[in-house]
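For this chain, numbers begin at 1 and follow the sequence in order. Atoms within a ligand are numbered from 1 in the order they appear, just like the ligands themselves. The figures that follow rest on heavy atoms only: side chains count, while hydrogens, waters and symmetry mates do not.
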Amino acid sequence: MALKTKSVWFCSSCGNESPKWMGRCPACGEWNTMVEEKVVTGAQASRRHEENSIGTSSRPLSLREIDSTEESRTTLQSSEMDRLLGGGIVKGSLVLIAGEPGIGKSTLSLQIPLHCRGLRTLYVTGEESARQVKLRAARLGGDGEDCLIYSETLMENILAEAKKTEPELMIVDSIQTMYTQTMESSPGSVSQIKECASMLLRLAKETGIPVILIGHITKEGSIAGPKVLEHIVDVVLQFEGDNTGAYRLLRSIKNRFGSTSEMAVFEMTGTGLREVLNPSEMLIPMHGQGLSGIAVGAILDGTRSFLIEVQSLVSSAAYGTPQRSATGFDVRRLNMLLAVLEKRAGFRLGVKDVFLNMAGGLRVSDTACDLAVICAVLSSNFDFAIPSDVCFAGEVGLSGEIRPVSQTERRVAEAARLGFSTIYVSSYGAMNHIPENIRVVKVPDVPALCRTLFRSGQ
Ligand code: TYD
Ligand code: MG
């Protein structure tokens, strides 16, 4: 039977489908994102749809009837990866590892079979030849006896191979290079990505093979070929940070089998990615140098507590409108903190340019970092170096009050462990246990902070 095809338009940002071209996607509101693609219609399409459905029960079941034994997990022989996934990779799950080109996705995914001896793995590569993978494996230092390298991009062949070899883990690098014959459009298009991902999902659910998918990120920072991919997969791990430095952050932004607020740090070395078990080490690089404009904040990210260096530069504004720029921190929150300093503590920062930077390329959303941010700004403004054994944990309110933050005790304990002698926290929170080797200074508001830290109340 001849295939019937028609043109439809997909939004390359959110995957929304429309029968005609539109300047603005009605679903996500983005402009100029609709791209034309050919799709198969009619009987063929609906049959394919049925083939791809993942339902296994033929009738509705009451919750009591459903088997609720723990999902079985396989360890990836990496404490950080296992923690991110919630204790190992779940059987039959589809995991997406997303990141910009060159950040280390292929390296990380090839390290898994090299470290897991005895785990039969099918590594499908659509980007590199088998020889290139071999060279990379040699660089990473592993023999990978139980890893089969398969250089292929046609989904039908890949599925047939997976069913034949029955691996215990399958890795697909990358989803953007895969294509299926049932679609007219070229590899990397929205409909191909959607279709290939759902074929892999069906394979994973049917056979119980866990599948790790690699996905690229567009310049704008979204997963290329788009949000639909995030909806299809069970887990999304996203690389963060710039790929020029040695450190890479891997964050779990979706996890159907665990927590989503987990983050792991890796260091790119000459022989692959190394787990950084103590991230504070890399996040306070200038510690003890006596520089002004630097303050250390005790923050929490997911279930981890660590210290991070906040750098700031305050200079006279060259133009009428002062510049405000923040890397790794919300610039609107920075503006709010500056307004609080202006109004409640009388600093004339309105005529100054303010630049802010978080060490290590980390993006900080914990409001406990507020106190370190204002201290870094004030330190640069006065050109007064904050003693290197002092750190901060507190949220700043609109009235200039310093508010308590969650789990203060854990932050204090981490600061004490790293040898800080003093930590500034809010006066309003209660603490039960304080380690002996650290002094906790409680401050109620911004003016009081300035008096104690900078010994001036101007
Ligand atoms: P890669 O995993 O190919 O990135 P992606 O698949 O996300 O595009 O990583 C490529 C970068 O990592 C490249 O710039 C070289 C560097 N690299 C190392 O520094 N050490 C290593 O051992 C390896 C394998 C790569
Ligand atoms: Mg790659």
At under 4.0 Å between heavy atoms, what of Asp173 touches ligand 1? The answer is neither
For ligand 1, is any non-hydrogen atom under 4.0 Å from Pro101's backbone (N, CA, C, O), its side chain (CB onward), both, or neither? backbone
Relative to ligand 1, is Leu108 under 4.0 angstrom through side chain, backbone, both or neither, heavy atoms considered? neither
Structural part of Met268 in contact with ligand 1, heavy atom criterion under 4.0 angstrom: side chain
Checking a contact table here: which protein heavy atom is nearest atom 25 (C) of ligand 1, and how many Å away? Arg139 NH1, 3.8 Å
Return yes if some donor-acceptor pair links the side-chain N/O of Thr121 with the main-chain N/O of Tyr123 below 3.5 Å, else return no. no
Heteroatom distance test (Gly272, ligand 1): nitrogen or oxygen, under 3.5 angstrom: yes
Determine whether the side chain, the backbone, both or neither of Glu100 has a heavy atom under 4.0 Å from any heavy atom of ligand 1. backbone
Using heavy atoms and a 4.0 Å limit, tell me yes or no: is Gly99 in contact with ligand 1? no
Using a 3.5 Å distance criterion without hydrogens, assess whether the side chain of Arg73 forms a donor-acceptor pair with backbone atoms of Gly86. yes
Using distance alone, with no hydrogens and no angle criterion, decide if Glu275 and Ser78 have a side-chain donor and acceptor under 3.5 Å apart. yes
Heavy-atom distance to atom 1 (P) of ligand 1: which of Thr107, Thr269, Thr271 wins? Thr107
